[in-house]
Amino acid sequence: MKRFYFLLLVISLALSYTIYAQNNFFRKDTISVQPLDAGGWGNIVAGVDLDKDGNPEIYGCNSNATDVPSSFAPRLYKFELQKGKWNLVWSTTLDVPYQNTWPALTTGDLDKDGKGEIIWCPANFLTDTGAVNTNPTRIAVFEARGDTSEAMGVDFFGSTVPNAKWTISSTPNNDMRPFHGFVMDIDKDGKNEFVYCDRQSSSGLSFGIVSVDKIPDNADGNEKWTLKMNGKDASITGLNTSSKYDIVFLNNVLYIWDSNGLVTPVKYANNSWTVLPAQKIAGTTGSFKSAQLVDINNDGKSEIVFGGWSDGLVYLCQQQGDTLVATQIGNFAKLGVTRLNGGGNGDLDSDGKIDFVFGSRNTTATKVFNAVCRLQYKGGAIADSNSYIPTIIDSLIHPNTGQLDIVAVSDVDGDKVPEVLYTSGYPRGTLDVPNIPIVILKYNKQSAVEKEKSLIPESFYLSQNFPNPFNPSTTIKFGLSKATSVTLKIYNILGEEVSTLINGEQLSAGAYNIPFNASNLASGTYVYQLGFDGQIISKKMQLLK
C-alpha cells in the first residue's frame, strides 16, 4: 500500500504541471522488456513487413545500461501482430562479448535484391577488465529469407547468424560506436549505403558511409565491405572529432550534430566530400537522435526539424546555400520538459497536417516525468511558432526519472494511420524496475466522452461508477464547473496504471459520462482517478467476473 500512495503523490505532483493535450491519445499496446535484458530496450524498428506475410512487425534490440551480466550480450527480437496480439516470433544473440549502450538499428536493402534487411550496430565496450572484445562485429545484417518464414538471417547449428557482418576497422581496440544511421544511395552511384554518426570521440571517425557488394543468402563471408568515407579519410579536413549524436542528409549535404552543439555540413560534389564551416544553432546543445527530414507544407522542399537536447525547444532548419537557418517553432520548456531526446513524425490525427513527436529526458528540475511531446502543425507559415501547438500526449509510464530516447512514428496496426512508439534507451536516475516497455500510443478520433445536456454544475465532482460491482463494463460520471484540462486514468490496487480513458483533453464546463470496458482485466479492486485544474479525485470500483 505504501507504493500505491507514493505513486499517487507522484502523479498528483506531475498532473499539476502536465500540459493539456488537445487530442485524446491512449496506450493501445505495450511490448515488455524480455527477461534477460535488465538494461531494457536499446532501439526499435517499426512499421515494416520484411517477410511479406501481411502482418506488421516490430524489431527491437537490447542494451547494456546496467551491470547485470545478461545484458552484456546483444540480443535482437522480432514481434509480429497476429490476430490483434504482438507475438515474439524470432530472436537471436550476436557474438559480441560485451556490448555498450545505444546501438544503431535501422532497415533497408543494401544489395537491392528485394529482400528487406535489419542493420544492427551493437556498440562495443573495449575497456572492461577481462573482456575479450578487441575487434568485434560492429555492423550485422539480417536479411529476410524471401519466403513467409518468420526467421531472419541464416540458421547455423541451432542458432541464427547474420547474413553479413563487418568490424569496420581492422585495427584492434579501436573503440567505435555507430549511434544513429540510415540506408540510402547517398552518392548516387546506384548502390545503397549505410550512413551513420559515431558517438565515440576517441575513434576519430565522426561518421561513416559504408557499402557492401552483396548480402549472401548463406552467410559464407564472401561479401566485400567498403568504408567509402569517414572523418579520418585523408581527403577530409576540418572535421572535429567530438562525439556525434545525429546525422541528416539534405540536398547533397550531410549535417552532423556534435555533442557540443555544433552542426557540421559535409558536402558531396564532383565525386568528393568537403567539410564546410560548422555552425552553432542558437540556444541548443544539439540533437540526440531527434533530427527529421520532412516537407512540412508539401511544397516540394524538405526541411529539417529537431528537438533541443538541453533546452526543450524545437527548431526548424531551412537551407540557405549549404548552411542551415534555424528558427524556434516549439517550446516544451514552458510545459516542464527541458530535454528532448529521439523523434519521429507523421499525421497522427489524419487531419492532413504533420505532427512531430519527441521523447524526453528527466532532470532534477523536470516537473513532468517520462513525457512524450507532440508538436502539431496546424497550417500557416512553417517558420512561425504560432503555426504549431505543443502538447504532452503521454507521461508517467514509470514513476522514476528516466530517458525516453527511442521514438518512432509508424503505422503498426495496418489501418493506414500512424501510431507513436516509444521506450527508454537508458534508465537515467533511478533504475527503471520494471523496465519501461515499448509503448504504442494511438490517437482516438472519436472521444468516448459524452457530454450530458444539463446545467453546468456548481463545483467539480466525480460520481461512483455505475454499475458497481461490474462485469465487464461500467460508466464513470464527472462534472466540471469550468473549462479545464482533464485526465481520467484507471489503476490497480498496487498503483499500476492499467488504462487511460482521457489524457489531458480540454473539456468545457458540464457533466460527462465515459464508458469503461475491463474485459482484458482480472477481477479485483481498481481505482479511477480524475485529474483537473491541478486537483485529483479518486474512487474505488469492483470488477467481478
Side-chain angles (χ1 to χ4, degrees), residues 1-16 18 21 24-32 84-86 369-370 372 392-400 432-442 444 446-452 460-480 484-505 507 511-545:
M1 290 299 291
K2 288 183 178 179
R3 179 185 174 194
F4 174 68
Y5 289 115
F6 171 74
L7 181 56
L8 289 185
L9 175 61
V10 171
I11 294 171
S12 299
L13 292 173
L15 277 175
S16 64
T18 299
N24 190 21
F25 286 81
F26 64 97
R27 295 174 188 164
K28 182 177 182 179
D29 246 322
T30 59
I31 298 177
S32 300
K85 181 180 179 181
W86 287 101
F369 281 3
N370 299 302
V372 181
I392 291 176
I393 59 175
D394 201 7
S395 61
L396 289 171
I397 183 64
H398 198 283
N400 293 334
D432 297 326
V433 179
N435 293 103
I436 293 175
I438 298 172
V439 180
I440 301 174
L441 280 183
K442 188 149 187 88
N444 187 7
Q446 302 297 327
S447 173
V449 181
E450 177 186 346
K451 186 176 182 180
E452 293 184 347
F460 294 99
Y461 68 85
L462 177 64
S463 299
Q464 185 65 51
N465 64 298
F466 182 82
N468 187 49
F470 66 99
N471 177 29
S473 297
T474 188
T475 298
I476 298 170
K477 181 176 180 178
F478 61 90
L480 308 175
T484 187
S485 172
V486 174
T487 298
L488 181 60
K489 296 188 177 185
I490 313 295
Y491 299 88
N492 62 22
I493 200 63
L494 298 177
E496 299 168 334
E497 182 182 321
V498 297
S499 182
T500 298
L501 303 182
I502 309 175
N503 195 10
E505 256 191 281
L507 299 180
Y512 293 86
N513 295 312
I514 182 167
F516 172 55
N517 187 301
S519 57
N520 62 330
L521 299 178
S523 296
T525 300
Y526 293 86
V527 175
Y528 58 102
Q529 186 178 89
L530 179 71
F532 60 93
D533 200 30
Q535 304 177 57
I536 286 178
I537 303 176
S538 299
K539 288 184 179 293
K540 291 183 180 180
M541 58 183 174
Q542 188 75 23
L543 172 62
L544 297 178
K545 290 188 174 181

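- Considering all non-hydrogen atoms of both residues, Val486 and Ile502 come closest at O-CG2, 3.3 Å.
- Atom CD1 of Ile393 is separated from atom NZ of Lys442 by 12.5 Å, given to the nearest 0.5 angstrom.
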Residue pair Tyr528, Asn465: steps toward the side-chain contact (heavy atoms from CB on, under 4.5 Å) verdict: CA-CA 9 Å; Tyr528 58 102; Asn465 64 298; 3.6 Å; yes
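- Between Asp29 and Trp86, some side-chain heavy-atom pair lies under the 4.5 Å cut-off.
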For Phe466 and Lys477, run side-chain contact (heavy atoms from CB on, under 4.5 Å): C-alpha distance rounded to whole Å, both residues' side-chain angles, the deciding distance at 0.1 Å, then the answer. CA-CA 9 Å; Phe466 182 82; Lys477 181 176 180 178; over 6 Å; no
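- Here the CZ-CD1 distance, from Arg27 to Ile397, works out to 3.5 Å after rounding to the nearest 0.5 Å.
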Stepwise, does the side-chain contact (heavy atoms from CB on, under 4.5 Å) test hold for Ile438 with Thr30? CA-CA 5 Å; Ile438 298 172; Thr30 59; over 6 Å; no
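- Looking at Asn513 and Pro515, their side chains never come closer than 4.5 Å, going by heavy atoms from C-beta outward.
- Contact annotation: the side chain of Ile476 approaches that of Leu462 to within less than 4.5 Å [non-hydrogen atoms, C-beta and beyond].
- A donor-acceptor pair is defined here as one N or O able to donate and one able to accept, closer than 3.5 Å; such a pair exists between the side chain of Asn468 and the backbone of Gln542.
- What you find for Ser538 and Val527 is that their closest heavy atoms are CB-CG1, 4.0 Å.
- Here the OG1 atom belonging to Thr484 is positioned 8.5 Å from the CG atom belonging to Leu507, to the nearest 0.5 angstrom.
- The shortest distance between side-chain heavy atoms of Phe516 and Thr475 does not fall below 4.5 Å.
- Thr500 and Phe25 make their closest contact through CG2-O, 4.5 Å (heavy atoms, listed as atom of the first residue, atom of the second, distance).
- Here the CG-CG distance, from Leu543 to Asn492, works out to 12.0 Å after rounding to the nearest 0.5 Å.
- Atoms OH and OH, from Tyr491 and Tyr526 in turn, are 14.5 Å apart once rounded to the nearest 0.5 Å.
- Here the side chain of Ser499 pairs no donor or acceptor atom with the backbone of Ile490 at under 3.5 angstrom.
- Looking at Leu521 and Val498, their side chains come closer than 4.5 Å, going by heavy atoms from C-beta outward.
- Remark: Glu497 CD to Lys489 NZ distance equals 4.0 Å, nearest 0.5 Å.
- Residues Ser473 and Asn517 share a closest heavy-atom pair of OG-ND2, 3.2 Å.
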Steps toward side-chain contact (heavy atoms from CB on, under 4.5 Å) verdict (Ile537, Phe532): CA-CA 9 Å; Ile537 303 176; Phe532 60 93; 3.6 Å; yes
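- Using a distance-only test at 3.5 Å, with no hydrogens or angles considered, no donor-acceptor pair links the side chain of Asp533 to the main chain of Gln535.
- In the model, Asn370 has no side-chain atom that pairs as donor or acceptor with a side-chain atom of Ser395 under 3.5 Å.
- Listed for the Gln464 side chain is no donor-acceptor partner under 3.5 Å among the backbone atoms of Met541.
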